[in-house]
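Values reported hereafter were calculated over all heavy atoms of this structure, with side chains retained and with hydrogens, waters and symmetry mates removed.
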Amino acid sequence: MAFHRIFVIDFAGLGLGEAPDANRFQSVGADTLGHVAVSCTDKLNLPTLQRLGLGNIRVDHPLPGVEPVDHPAGFFGRLHVQAQGNRRATGLREMWDYPGTNRTETVFATLPAAGYAVTLAGPFLSYLQTQSAAQRFQLGSNQDAFRILYDQLNQNASGLTYVMLPDFRFAGEQRDAEGFASALMSADNYLAQVQHDLNANDLLLITATHADDPASETTPTREYLPLIAYSPSRPSVHALGIRRTLADVGATVLENFGLAGHAAGHSFLNEITQ
């Protein structure tokens with residue numbers, strides 16, 4: 001395997017601008033990150049995400065506080081939700097589910113069956129709660145999420161840790177752009193410690209399973225979603241482009257652990273290991 005451990009942080013609610021099919025979901029003009037940056041009383045300050053390449057994802061539309069950098073530390077790209085629905089669980093399922101022989105299977109069950117540890121942490125969502133093969137934690141804040149993530153970084157078991165940050169959804173639903181900005185800057189600070197604590201053969205994936213633009217009447221909003229991949233052992237990075245489905249994340253995880261035949265999407269593992 002290329003990476004001993006994979007850590008996925010779901011910035012659930014962080015959109016990067018309207019998707020091509022935004023008109024079908026009352027999301028024309030949606031741009032979570034853009035509207036949050038504009039509404040921020042003080043300049044949006046996201047040094048960790050900026051270094052990792054968040055600003056490079058939207059180099060054609062730079063934002064104060066998250067401008068592109070010349071040499072990002074991470075691989076960067078955008079995800080497009082392929083599913084026809086737009087519920088909050090839609091993207092979550094698309095990222096981790098795949099068609100099995102007789103039924104829909106999940107990455108969260110396939111990995112433990114192959115002997116790999118899986119840890120899930122997030123707010124109460126029935127989809128996560130039913131993944132009985134995994135170690136599960138229910139949490140209510142981004143601070144709780146990072147605390148669990150720090151604990152997992154101290155474990156040595158080979159496998160996957162998936163953590164969903166809940167504060168962005170709350171801010172989006174309440175149309176609280178300032179609260180969203182505050183949560184982003186706090187998460188960016190926690191993220192710096194995560195990056196520091198990674199081992200050389202670890203992979204960090206930063207993404208989102210849905211968008212919640214606080215400036216929109218619609219929730220959730222149909223937007224492009226971020227994708228950043230970082231490993232201390234991969235200093236040469238480049239763009240990952242626009243991925244046609246969130247399932248590419250699950251496919252990458254499965255391929256890393258020798259289970260590529262199960263995937264629904266297209267893995268980008270080779271793109272970050274060559």
Side-chain angles (χ1 to χ4, degrees), residues 9-41 43-44 46 49-50 53-68 76-97 123 125 127 164-185 187-188 206-228 239-249 264-266:
I9 306 178
D10 182 356
F11 279 63
L14 181 59
L16 300 180
E18 66 175 54
D21 55 354
N23 62 308
R24 296 183 54 241
F25 300 95
Q26 297 77 51
S27 298
V28 173
D31 182 3
T32 302
L33 184 58
H35 290 146
V36 167
V38 169
S39 68
C40 195
T41 303
K43 181 180 178 181
L44 193 61
L46 304 174
L49 286 166
Q50 186 179 16
L54 180 61
N56 295 69
I57 298 175
R58 47 187 298 160
V59 65
D60 56 335
H61 188 191
L63 296 169
V66 282
E67 295 91 348
F76 53 90
R78 287 184 285 178
L79 297 170
H80 179 259
V81 180
Q82 185 181 70
Q84 298 305 302
N86 202 45
R87 295 175 177 269
R88 285 191 180 80
T90 299
L92 182 62
R93 290 178 180 275
E94 181 174 309
M95 187 173 286
W96 302 111
D97 288 2
L125 288 174
Y127 175 79
M164 177 185 283
L165 307 182
D167 291 357
F168 306 117
R169 170 187 172 178
F170 301 149
E173 287 179 337
Q174 297 165 9
R175 300 192 179 91
D176 182 5
E178 284 283 344
F180 202 115
S182 177
L184 263 180
M185 289 187 283
D188 188 89
I206 298 168
T207 186
T209 48
H210 72 270
D212 265 313
D213 186 352
S216 174
E217 296 293 324
T218 300
T219 181
T221 42
R222 189 77 159 196
E223 302 181 48
Y224 282 117
L225 302 169
L227 174 63
I228 294 174
L240 296 173
I242 298 175
R243 318 301 300 194
R244 296 182 179 181
T245 170
L246 275 64
D248 286 8
V249 174
H266 292 87

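- Here Gln174 pairs with nothing under the side chain to side chain donor-acceptor pair (under 3.5 Å) rule; sequence neighbours left out.
- With sequence neighbours excluded, the residues forming a side-chain contact (heavy atoms from CB on, under 4.5 Å) with Ala239 are Phe76, listed by chain and number.
- Shown here are the side chain to side chain donor-acceptor pair (under 3.5 Å) partners of Asn56, two or more places apart in sequence or in another chain: there are none.
- In terms of modelled atom types and a separation under 3.5 Å, the side chain of Thr221 and the main chain of Ala30 share no donor-acceptor contact.
- Checked against side-chain contact (heavy atoms from CB on, under 4.5 Å), Glu67 has the following partners two or more places apart in sequence or in another chain: Lys43, Gln50.
- Shown here are the side-chain contact (heavy atoms from CB on, under 4.5 Å) partners of Ala183, two or more places apart in sequence or in another chain: Asn142, Asp167, Phe168.
- Considering only residues two or more places apart in sequence or on other chains, Arg243 meets the salt bridge (charged side-chain N to carboxylate O under 4.0 Å, His left out) condition with Asp248, Glu271.
- The shortest distance between side-chain heavy atoms of Leu49 and Ile206 falls below 4.5 Å.
- Note on residues 10-28: pairs passing salt bridge (Lys or Arg N to Asp or Glu O under 4.0 Å), not counting sequence neighbours, are Asp21-Arg222.
- Under the side-chain contact (heavy atoms from CB on, under 4.5 Å) criterion, Ser182 pairs with no residue at all, not counting sequence neighbours.
- Take Thr219 and apply the side chain to side chain donor-acceptor pair (under 3.5 Å) test, not counting sequence neighbours, and it matches Arg88, Asp212.
- Qualifying side chain to side chain donor-acceptor pair (under 3.5 Å) partners for Arg244, counting only residues two or more places apart in sequence or in other chains: none.
- Without hydrogens or angle criteria, Arg175 side chain to Ser216 main chain gives a donor-acceptor distance under 3.5 Å.
- Inter-residue side-chain proximity for Leu14 and Val36 is flagged as unmet; no heavy-atom pair is nearer than 4.5 Å.
- A donor-acceptor contact closer than 3.5 angstrom is absent between the side chains of Glu223 and Ser27.
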